[in-house]
Amino acid sequence: MKDTVKIIARKDLKVILQEKIIWLPMLIVPLLLCLLLPVIFFIAAGSAESIKELESLPFEFEGEAANFNPAQKSIYFAINYMFPGLFLIIPILTSSIIAGSSFVGEREGKTLESLFYTPVTIRELFTAKLTGSFVIAYSVTFVSFTLFSIVVFTAQFFYFDYIIYPSFKWLVFIFWLCPALILLGLIFMVRTSAKAKTFQEAQQRVLLLILPVILIIIGQVAGLFYLSTLVMLITGLLIFIIDYLIMRAAIKNFKPENLVF
Amino acid sequence: MKAIELANITKSYDGRTDVLSEISFEINEGEVFGFLGPNGAGKTTAVRILNGLLEPNSGNVRVYGNDVSKNTIEIHKICGVMTETANFYEKLTGSENLMFFGRLHGFSTTECSERIKHVMNLFDIYDAKDKKVGEYSTGMKKKIALCRAFLHNPKILFLDEPTSGLDPDAARNVNRLISTAAAEERLTVFLCTHQLKYAEEICTLYGFIDNGKMLGFGTFNELLGNKNCLVTLEIRGKNIDIELGFENKSAGKYNKVVASDIDAAALIKQVINSGGEIYEARLNKWNLEDLYFAYQHE
């Protein structure tokens with residue numbers, strides 16, 4: 001099983017790297033959200049417009065954050081509430097793109113039938129594709145997190161005298177919530193791959209997953225609610241449970257007769 | 001040993017129309033079986049059922065004694081399949097594709113490399129091993145598909161329309177390669193095609209199918225024996241004695257139905273003895289096409 005996972009994951013990665021339509025969004029979106037946007041924000045943190053925006057936010061700075069200056073408060077809010085919401089787009093986008101290529105792309109390219117003629121069980125094939133896709137999607141997410149961290153550490157160096165990042169919240173975010181969301185994106189795409197005839201059609205269904213993320217971002221910026229560490233822990237657990245239930249149903253329907261013909 | 005055993009196989013996709021209806025036959029090891037029928041007859045469905053990709057609605061299928069519904073993985077180890085709908089990864093090269101499928105069959109990288117070299121040379125495509133499959137011509141894609149089918153030393157080959165889309169020269173070449181490779185590797189071949197001319201060149205056993213129903217099964221002579229097929233002696237000449245029972249087809253051409261080759265030889269002797277001049281003599285026997293249409297139009 002282990003060899004099968006490696007063989008199929010390596011092949012999927014090779015195919016992804018050959019297709020610009022697949023790897024380009026996975027390159028551009030992280031660069032935008034984890035590099036460009038934070039750099040612009042942190043440079044503008046001390047500006048008059050930024051302070052004005054901050055003052056209009058219905059957010060209570062507590063503890064040590066209450067004593068921060070406006071620029072520090074701006075950065076603190078962005079790191080702990082604004083950017084996590086935006087960052088959520090990355091695991092969902094990458095997982096759905098990779099699963100789209102891995103499952104729907106095989107069906108579209110008529111290579112799924114070829115795979116079914118090999119001595120690999122349906123369960124092995126499903127697990128291999130899911131595992132391979134998860135590894136790739138999480139790698140992109142983690143590299144994006146690393147890129148973002150470099151920018152934040154640099155901003156931290158200029159604006160703060162001590163470390164405020166990464167907080168426990170970010171660790172929960174990266175090591176608990178993001179894996180749960182990646183699995184959700186993957187399994188969601190597997191379920192819809194049976195219905196979607198093309199990669200593009202499958203990607204349109206991704207909007208169903210991105211929509212809640214956009215609502216979270218709006219909610220955070222408008223001050224309607226804030227993603228606390230506890231909320232992330234509970235949400236992550238709920239998503240893992242949903243992932244398990246959907247995966248059980250998905251594996252039952254992962255049959256050649258349903259997928260290929 | 002029986003390579004393939006189908007017993008009362010019925011398959012319907014929509015629950016109303018049977019794509020295969022009560023199909024039963026057995027094929028011995030080493031046979032080159034031609035499963036012949038028009039498009040939509042049910043040939044590809046039969047291949048998919050034999051390989052466990054589709055479940056029949058009723059009936060039993062065994063391949064080398066393995067129940068297909070229970071031992072699908074064992075069957076995939078011994079079967080090499082080439083269908084028109086099982087494609088390659090077009091962004092990967094020929095050798096990368098074969099390496100991937102070879103590794104899934106349990107070969108190590110070294111074993112796979114040797115095997116890839118062997119099969120690609122067998123099908124004369126080794127020079128294109130580093131070219132992306134998406135850049136291959138139709139003929140090359142057929143050849144790489146054959147390479148994949150042969151790659152893991154299968155005991156039985158399922159070839160679905162291996163010569164379709166090829167020009168006559170290329171089709172003949174592929175046919176020859178299949179025949180040679182099958183003989184060298186001592187395989188059982190299950191060949192699906194509607195190109196009877198090519199099937200006749202290599203098959204030892206035939207099954208005729210149309211609209212999901214078997215029309216006939218057996219060797220060429222067995223199938224011939226079930227029909228009133230007539231052998232005709234056709235001669236072109238002068239002064240042919242009509243009293244000998246010849247029918248004058250056109251100027252200088254005469255036909256007569258004969259029972260056997262010996263009967264034909266005796267008749268030719270009689271024509272010459274009666275003063276006739278023979279410029280050309282030919283025995284017209286049924287070919288596979290004649291036989292197939294005789295079964296189809298029953």
Side-chain angles (χ1 to χ4, degrees), chain A residues 1-24 98 101-129 131-132 194 197-199 252-261, chain B residues 11 13-14 19 44-45 47-57 66 71-93 96-109 112 132-134 141 144-145 148-149 151-152 154 157-158 160:
Chain A
M1 168 88 109
K2 209 172 133 189
D3 277 346
T4 308
V5 171
K6 267 196 225 163
I7 293 164
I8 292 174
R10 269 201 200 119
K11 184 272 300 169
D12 283 350
L13 185 62
K14 251 189 204 161
V15 169
I16 283 166
L17 291 173
Q18 301 276 354
E19 295 273 15
K20 223 187 263 187
I21 196 173
I22 297 170
W23 61 258
L24 206 57
I98 288 161
S101 161
S102 186
F103 291 91
V104 183
E106 295 260 16
R107 199 169 159 218
E108 196 181 8
K110 295 186 182 176
T111 47
L112 204 52
E113 187 178 344
S114 308
L115 284 173
F116 285 133
Y117 287 125
T118 61
V120 172
T121 65
I122 301 295
R123 188 170 275 270
E124 277 176 336
L125 185 60
F126 183 87
T127 309
K129 286 203 150 285
T131 308
K197 298 243 178 343
T198 65
F199 178 67
K252 266 189 199 160
N253 285 325
F254 197 72
K255 284 180 190 170
E257 195 152 353
N258 297 339
L259 294 167
V260 181
F261 315 118
Chain B
K11 176 68 182 172
Y13 289 114
D14 59 9
V19 177
T44 306
T45 301
V47 169
R48 288 171 178 160
I49 286 174
L50 282 160
N51 280 277
L53 264 68
L54 292 176
E55 280 176 35
N57 297 111
N66 291 300
N71 300 325
T72 317
I73 299 305
E74 290 308 311
I75 282 155
H76 290 171
K77 286 179 186 172
I78 61 169
C79 293
V81 184
M82 176 199 176
T83 71
E84 289 187 298
T85 49
N87 284 354
F88 285 83
Y89 299 97
E90 301 228 322
K91 297 287 182 184
L92 303 184
T93 64
E96 281 173 339
N97 266 282
L98 292 177
M99 179 62 74
F100 170 67
F101 287 107
R103 297 275 281 124
L104 286 182
H105 275 282
F107 285 107
S108 68
T109 313
C112 221
K132 288 188 182 165
V133 171
K141 283 184 181 173
I144 192 92
R148 181 172 62 186
L151 187 65
H152 54 284
L157 273 180
F158 290 92
D160 191 4

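Keep in mind it's a predicted model, so treat the numbers as computed, not measured. Here is how names work: the chains are called A, B, and so on, in the same order as the sequence lines, proteins then strands, and each is numbered from 1.
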Any [X] side-chain heavy atom under 4.5 Å of [Y] side chain:
X: Tyr89(B); Y: Gln18(A); value: no
X: Glu106(A); Y: Thr111(A); value: yes
X: Glu90(B); Y: Lys141(B); value: yes

Using non-hydrogen atoms and a 4.5 Å limit, figure out which bit of [X] sits close to chain A: side chain, backbone, both or neither.
X: Glu96(B); result: side chain
X: Phe100(B); result: both
X: Thr72(B); result: neither
X: Leu104(B); result: both

**Study point:** Glu113(A) vs Thr85(B), side chain to side chain donor-acceptor pair (under 3.5 Å): CA-CA, chis, key distance, verdict
**Key:** CA-CA 7 Å; Glu113(A) 187 178 344; Thr85(B) 49; 2.7 Å; yes
Exercise for review: Among Lys11(A), Lys14(A), Arg10(A), single out the residue with the greatest number of heavy-atom pairs under 4.5 Å to chain B.
Suggested key: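 Counting heavy-atom pairs under 4.5 Å, the top option is Lys11(A).
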Exercise for review: Search all heavy atoms of Ala86(B) against all heavy atoms of Ser114(A) and return the closest pair with its distance.
Suggested key: C-OG, 3.2 Å
Exercise for review: Could you tell me which portion of Ile8(A) (side chain, backbone, both or neither) has an atom closer than 4.5 angstrom to a non-hydrogen atom of chain B?
Suggested key: both
Check your understanding: Hey, which of Asn97(B), Asn51(B), Ile75(B), Val81(B) has the most heavy atom pairs under 4.5 Å with chain A?
Key ->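 Option with the greatest count: Val81(B).
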Review point. In terms of ring plane angle, is the pair His152(B) and His105(B) parallel, tilted or perpendicular, where the classes change at 30° and 60°?
Key: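 Because their plane-to-plane angle is under 30°, the rings of His152(B) and His105(B) count as parallel.
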